[in-house]
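Quick caveat, the model's predicted, so the values are computed rather than measured.
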Amino acid sequence: MTNADVRPHHCYARAQRLLAEVGMIRDELGRSEDARPAIEIADAKPRECYFEALATWHKVDRLGAELGVPAARFSHAAPPLSETTPGHVIQVIDAVLDQVDAIRQRLQIKETSAEPALETTRQPSDVLVTLIRINRELSRSLERPFTPGDVYRVVALASAYAARLGGTASLAPFERKRKPKDCYHRLTACHTALAAAIAKRGQAAMTTRSVPSDVLPGDVYDLACLVLGELTFLHALTDKAPPVHAFEPAASGHRLPAHVDQLARTLEAQISTIG
């Protein structure tokens with residue numbers, strides 16, 4: 001099967017296998033399953049699955065580093081975001097599975113998981129929900145979970161991309177004692193604003209119908225990656241925008257949820273000026 005033949009139900013079956021494999025690793029590490037209800041998502045697109053899968057890649061890469069597994073280089077070039085297909089999504093899932101296999105060998109886990117039967121009615125939203133579940137289980141497996149500092153770096157990159165689109169705003173005032181859930185709500189507002197900007201250009205974006213209980217920094221990281229993805233997609237839809245370069249902001253030092261919330265509020269204001 002070539003990448004052009006891949007459909008959402010193929011991605012879903014592969015993601016379900018990955019979820020089972022990650023669950024075995026989590027159990028081997030003595031961690032409990034994330035028992036929170038799954039996020040309800042509608043109208044997801046392959047590009048959103050692609051960016052969530054990249055977040056999965058970052059998490060499994062950190063887990064591998066903690067366990068002494070040699071780092072692997074992600075060898076696939078990023079697709080044009082206006083042409084992202086299920087085939088691109090399954091490339092990332094397969095790359096994560098390769099790293100998971102190396103972790104299983106390191107932990108001497110001999111059991112394997114078979115890929116479930118195809119369910120042809122599955123859509124990108126089902127794939128995205130599964131990837132979010134995988135990311136939750138990976139977060140529970142890490143000795144060094146994703147922190148507000150990790151989230152801050154992604155939001156800083158999103159803010160830089162918004163500035164390249166003409167989004168201007170003064171830094172929002174700092175507010176103390178913010179929690180991850182505050183950051184999550186603010187980034188949800190950013191995503192909603194981006195969806196509206198994308199809709200003005202004749203495209204669509206996913207909608208969410210629920211918010212996780214007991215929001216953790218890893219949940220905020222996942223959402224920040226989706227926000228960053230939508231900003232890069234908006235670049236692809238805007239002819240006059242300078243091209244997005246593959247760069248990462250420098251290390252930001254220790255950050256509190258309040259710093260993330262401050263930058264997310266700034267980003268929301270930037271998005272409102274893009275139109």
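The side-chain contact (heavy atoms from CB on, under 4.5 Å) test applied to Ala42 returns Thr207, Arg209, not counting sequence neighbours. By the side-chain contact (heavy atoms from CB on, under 4.5 Å) test, Glu175 is found to be paired with Arg178, Asp261, Arg265, residues two or more places apart in sequence or in another chain being considered. Every residue two or more places apart in sequence or in another chain was checked for a salt bridge (charged side-chain N to carboxylate O under 4.0 Å, His left out) with Arg133, and none qualifies. Residues passing the side-chain contact (heavy atoms from CB on, under 4.5 Å) test with Ser32, sequence neighbours excluded: Arg140. By the salt bridge (charged side-chain N to carboxylate O under 4.0 Å, His left out) test, Glu119 is found to be paired with Arg122, residues two or more places apart in sequence or in another chain being considered.
Looking at Glu268, its side chain never comes within 3.5 Å of a backbone N or O of Cys190 through a donor-acceptor pair. Side-chain N or O atoms of Glu137 include one that pairs as donor or acceptor with a backbone N or O of Asp34 at under 3.5 Å. Formation of a donor-acceptor pair under 3.5 Å by the Ser210 side chain with backbone atoms of Glu40 is found in this model. A distance-only check finds a donor-acceptor pair linking the side chain of Ser125 to the backbone of Ala44 [under 3.5 Å]. With Asp98 contributing its side chain and Ala95 its backbone, the two residues share no donor-acceptor pair below 3.5 Å. Within the 3.5 Å criterion, the main-chain N or O of Ala156 finds no donor-acceptor partner in the side chain of Ser159. Although no hydrogens or angles enter the test, the distance criterion places a donor-acceptor pair under 3.5 Å between the side chain of Lys45 and the main chain of Asp43. In this structure a side-chain-to-backbone donor-acceptor pair under 3.5 Å is missing from Asp94 to Gln91. At least one donor-acceptor pair under 3.5 Å links the side chain of Glu66 to the backbone N or O of Arg144. Remark: side-chain polar atoms of Glu230 are not paired, donor with acceptor, to backbone N or O of Leu194 under 3.5 angstrom.
Linking Ile, Leu, Val, Met, Phe, Trp and Tyr whenever their side-chain heavy atoms come within less than 4.5 Å leaves Val155 and Leu171 in two separate clusters. In the hydrophobic cluster analysis, where Ile, Leu, Val, Met, Phe, Trp and Tyr join through side-chain heavy atoms closer than 4.5 angstrom, Leu67 is grouped together with Trp57.
Applying the ring pair (Phe, Tyr, Trp, His ring centres under 6.0 Å) test to every pair with at least one member in residues 165-220, sequence neighbours left out, gives these pairs: Phe174-His259.
Counting only heavy atoms from C-beta outward, the side chains of Thr84 and Pro79 approach each other to under 4.5 Å. Residues Thr56 and Val22 are not in side-chain contact: their nearest non-hydrogen atoms beyond the backbone lie 4.5 Å or more apart. Counting heavy atoms from C-beta on, the side chains of Thr85 and Asn3 never come closer than 4.5 Å. Between Asp219 and Arg36, the closest side-chain pair of non-hydrogen atoms falls below 4.5 Å. For the pair Arg201 and Leu234, the minimum side-chain heavy-atom distance is below 4.5 Å. In this structure, Arg136 and Ile39 have side chains that are in contact, with non-hydrogen atoms separated by less than 4.5 Å. Annotation: side chain of Pro37 is in contact with side chain of Ser213 (closest heavy-atom distance under 4.5 Å). With contacts defined as side-chain heavy-atom distances shorter than 4.5 Å, the pair Asp101/Arg104 qualifies.
Distance CG/Leu128 to CD/Gln123: 13.0 Å, rounded to 0.5 Å. One distance of note links OG1 of Thr238 with CZ of Phe233; it measures 9.5 Å at 0.5 Å rounding. Taking NE2 of His9 as the reference point, atom CG of Asp126 lies at 12.0 Å (rounded to 0.5 Å). Here the CD-CD1 distance, from Gln16 to Ile93, works out to 10.5 Å after rounding to the nearest 0.5 Å. To the nearest 0.5 Å, atoms CD1 (Ile103) and CD (Gln105) are separated by 11.0 Å.
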